[in-house]
Amino acid sequence: MVLRMACPTKRPGSDNWYFRKRIPADVQAILAKLPKGQRPPNWYKDQINISLKTADRSLAKARCPDVAAQVERTMATLRAGPKSLDLKQISALSGELYMGLAEALEGTSVVTAAQWSRVADVNEQVRRGDYGTVAKLSIHKSPSDRVRACIEQRFGKIADAFLVARGIVTDAESRWKLVDMASRDLTVMALRLARNADGDFTPDEYPKRFPKFTAHAAQDKAPRSLTALVQAWHKAAPDRGVKNRDADRIKSRFEKLIAFLGHDDTYRVTKQDIIRWRDDRLANKISIKTINDSDIASFSSVFNWGAERGWLADNPAERTTIKTKRKKAEVREKYFLPEEAAKILQCAAAIVGSKRESPKTTAAKRWVPWLCAYSGARVAEMIQLRKQDVRKDPSQGWVIRLTPEAGSIKNNKFCDVPVHQHLIDTGFITFVVNTKAGHLFCDPGKDGTIDGPAGGVYKRILSMVRDVVKDPHVQPNHAWRYTFKSYGLEAGIESLTLDAISNHSPRTQGEAYTKVTLRTRFAAMRKFPRYALGKSSTAAAIEHAAE
């Protein structure tokens, strides 16, 4: 399933950006039957064209998801059809109209107290049926018909505009009751503004009569799609600091959830649905950590965001994580054993590319395992390395800088890693010097980011390492972080320095204030031993025993 993102566009003659969307055929048919005053503003025959009220593209992109969400809600309301309102709801809406207009108009100093009093008098005449062209024509069969026509003429358009802005589609009877109640309340509002204009700002007690509007459950359950929800969330994610790679993964999990559920309606998603998803993943041997920290955490993030913006009443993924006190059994060390590390590095050093494989992918297989072995860096972050990120410090030597400018970094902080002499001796610096500018191990994708291509290279390196080290109890890529720090500690390097080189976040505030200098990092790297690539340590021990 492909989620098409709403993007701001421009139109001739305007500097501002616009949200544009084609109106589906079924919604066009509904709009055609609506009275003109009840059609949403900027919704035309077959196109929606809403100004984002800015010429700044980044600000327009930030506003676009909320406008898209409002458009989806309006479409869902239209599709659900008109809903009747009870007296409490009508009173609440009339109160919202009263307080909104009063707040907007009370600062209008050019209108005098006498003028506001005149407005109130005219409103009273309207409510008696004695004002305007309707009263003069005298075409109505009864006084009540004339009163209704007068009130409709003066207050109908105001009520329609309010209902459209509020996103409410109601039936004719409920609409009329709102128009009638608003005619009374807006008359009281005019008298209040007359007092204000005369210098009387006695606290207004009238709003106390209005209840808070609450939609009926049936009314609030107009269909809203999960696809549109995750699309709006994904669009807004970068502005909240969510990395593109993480946002794409969460979107992908929602695509799988939609396929699993067999529908695309946010209101039909229940806690039991998420539990069914969870249990199905468990049955397919997916780890509890993945289910809790990836699946359910992703769902909760999007559902909470949607609940805050009115897409759904609450988060159906809340409290659905798997509770377990039993930790996963550890049957071996998490780092590579010396013979395992040697086999991986030997395999990488001997790698030969094919005609079908990108030369940069071949280079990644050749160098990334070595770079991680002598840095403890995350494989995904080392894949993003660029030529300009490898420099020679005048006083220390060659340095690699892992930086968010090159791609996604987990803690969003740069890290300087000294280049180990073993890497230099095996030709890494020569490789960098002879490579063209830009990323060393993959090219940016069509979207201009490195996330997608880097993910593909990551899988190829993982597959290569797994062919060498087949033990399922050790992670093919992440194990390098354990390996570097374990052997570094064995060599006498301080933990704080190892953390700094492998870009681990400080454990305490005190450590956060303690910065490990480049000189200290180089001194530590000189202490880190070379991996023995000859005979494995086991084979050497057997030979020594035989002697």
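These values consider heavy atoms only, across backbone and side chains, with no hydrogens, waters or symmetry-generated copies.
- Remark: aromatic rings of Phe254 and Phe303 are close, center separation under 6.0 Å.
- You'll find the side chain of Val302 stays beyond 4.5 Å of the side chain of Lys251, heavy atoms only.
- Of all heavy-atom pairs spanning Ala60 and Trp17, the tightest one is CB-CB, 3.6 Å.
- The shortest distance between side-chain heavy atoms of Ile322 and Arg281 does not fall below 4.5 Å.
- By the neighbour-count criterion of 12 heavy atoms within 6.0 Å, atom NZ of Lys365 is densely surrounded, having more than that number from other residues, nucleotides or ligands.
- When the shell of 6.0 Å around CD of Gln388 is examined, it contains more than 12 heavy atoms from other residues, nucleotides or ligands.
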Subject >> CA sep, side-chain torsions, deciding dist, call: Arg530, Asp425, side-chain contact (heavy atoms from CB on, under 4.5 Å) >> reply: CA-CA 11 Å; Arg530 294 187 178 212; Asp425 293 345; 2.3 Å; yes
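- For the pair Asp393 and Arg401, the salt-bridge criterion is not met [side-chain N within less than 4.0 Å of a carboxylate O].
- The CG atom of Asp246 sits 6.0 Å away from atom OG of Ser408, with the distance rounded to the nearest 0.5 Å.
- Side chain of Glu511 to main chain of Arg507: a donor-acceptor pair is present (N/O by atom type, distance under 3.5 Å, no hydrogens or angles).
- Side-chain contact annotation: Thr214 with Lys212, donor-acceptor N/O pair under 3.5 Å absent.
- The neighbour count for Lys53 NZ, taken as heavy atoms of other residues, nucleotides or ligands under 6.0 Å away, does not exceed 12.
- When the shell of 6.0 Å around CD of Glu494 is examined, it contains 12 or fewer heavy atoms from other residues, nucleotides or ligands.
- The backbone N or O of Asp467 lies less than 3.5 Å from a partner atom in the side chain of Lys470, making a donor-acceptor pair.
- In this structure, the ring-ring contact (aromatic ring centres under 6.0 Å, His included) partners of Phe260, at least two apart in sequence or on a different chain, are Trp277.
- What you find for Ala373 and Tyr531 is that their closest heavy atoms are O-OH, 2.8 Å.
- With hydrogens and angles ignored, the 3.5 Å screen pairs no side-chain donor or acceptor of Asp15 with any backbone N or O of Ala55.
- Thr403 places no side-chain N or O within 3.5 Å of a backbone atom of Ala406 that could act as its donor or acceptor partner.
- Interatomic distance, Phe19 CZ to Ile50 CD1, rounded to the nearest 0.5 Å: 6.5 Å.
- Looking at heavy atoms from C-beta onward, Ile351 lies in side-chain contact with Met464 at the 4.5 angstrom threshold.
- Shown here for Thr320 and Ile296, the closest heavy-atom pair between the two residues is O-CD1, 3.3 Å.
- Evaluation of the salt bridge (charged side-chain N to carboxylate O under 4.0 Å, His left out) test over residues 448-465, restricted to residues two or more places apart or in two chains, returns none.
- For Lys360 and Asp443, the salt-bridge test passes: some basic side-chain N is under 4.0 Å from an acidic carboxylate O.
- Of all heavy-atom pairs between Asp273 and Arg276, the closest is OD1-NH2, 3.1 Å.
- Taking both residues in full, the closest heavy atoms of Lys413 and Asn503 are given as O-ND2, 3.2 Å, listed atom of the first, atom of the second, then distance.
- Proximity of a side-chain donor or acceptor of Thr426 to a complementary backbone N or O of His422 within less than 3.5 Å is detected.
- In the model, His234 has a side-chain atom that pairs as donor or acceptor with a side-chain atom of Asp248 under 3.5 Å.
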Original post:
So Lys485 and Asp499, side-chain contact (heavy atoms from CB on, under 4.5 Å) or not? Walk me through it.
Top reply: CA-CA 8 Å; Lys485 297 187 75 173; Asp499 286 346; 2.2 Å; yes
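- By the 30° and 60° cut-offs, the orientation of the rings of Phe431 relative to Phe441 is parallel.
- Proximity of a side-chain donor or acceptor of Asn284 to a complementary backbone N or O of Ile286 within less than 3.5 Å is not detected.
- Ion pair Asp416/Arg521 not flagged as a salt bridge, since none of the NZ, NE, NH1 or NH2 atoms sits closer than 4.0 Å to an Asp/Glu carboxylate oxygen.
- Contact of the Val368 side chain with the Tyr458 side chain is not registered, since no non-hydrogen atoms from C-beta on lie closer than 4.5 Å.
- Between Leu385 and Trp367 there is no side-chain heavy-atom pair separated by less than 4.5 Å.
- Here the CG-CD1 distance, from Leu440 to Ile400, works out to 9.0 Å after rounding to the nearest 0.5 Å.
- Interatomic distance, CD1 of Ile450 versus CZ of Arg386, reported as 10.0 Å (0.5 Å rounding).
- Summarising the geometry, atom CZ belonging to Arg57 is positioned 10.0 Å from atom OG1 belonging to Thr9; distances are rounded to the nearest 0.5 Å.
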**OP:** Quick one: do Thr517 and Lys515 satisfy side chain to side chain donor-acceptor pair (under 3.5 Å)? Show the steps, please.
**Re:** CA-CA 6 Å; Thr517 65; Lys515 302 302 180 183; over 6 Å; no
**OP:** Could you give me the CA-CA distance, side-chain angles and deciding distance for Ile501 and Tyr374, then say whether side-chain contact (heavy atoms from CB on, under 4.5 Å) is met?
**Re:** CA-CA 10 Å; Ile501 294 173; Tyr374 283 112; over 6 Å; no
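- No side-chain heavy atom of Asp389 sits under 4.5 Å from any side-chain heavy atom of Leu402.
- Ring centroid separation for the pair Trp370 and His420 does not come in under the 6.0 Å cut-off.
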Original post:
Checking side-chain contact (heavy atoms from CB on, under 4.5 Å) for the pair Leu371/Phe428: CA distance, chi angles, key distance, verdict?
Top reply: CA-CA 9 Å; Leu371 292 167; Phe428 174 67; 3.8 Å; yes
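- Side-chain contact between Lys387 and Lys436 is absent, with no heavy-atom pair separated by less than 4.5 Å.
- Closest heavy-atom contact between Ile274 and Pro316: CG1-O, 3.8 Å.
- Classification of the Tyr482-His478 ring pair by plane angle, with boundaries at 30° and 60°, yields perpendicular.
- Judged by a 6.0 Å distance limit and a 45° cone about the ring axis, Arg166 is positioned over the six-membered ring of Phe213.
- Side-chain contact between Arg309 and Leu229: absent, with no pair of heavy atoms (C-beta onward) separated by less than 4.5 Å.
- Of the possible polar contacts, one joining the Arg332 side chain to the Tyr335 backbone as a donor-acceptor pair under 3.5 Å is found.
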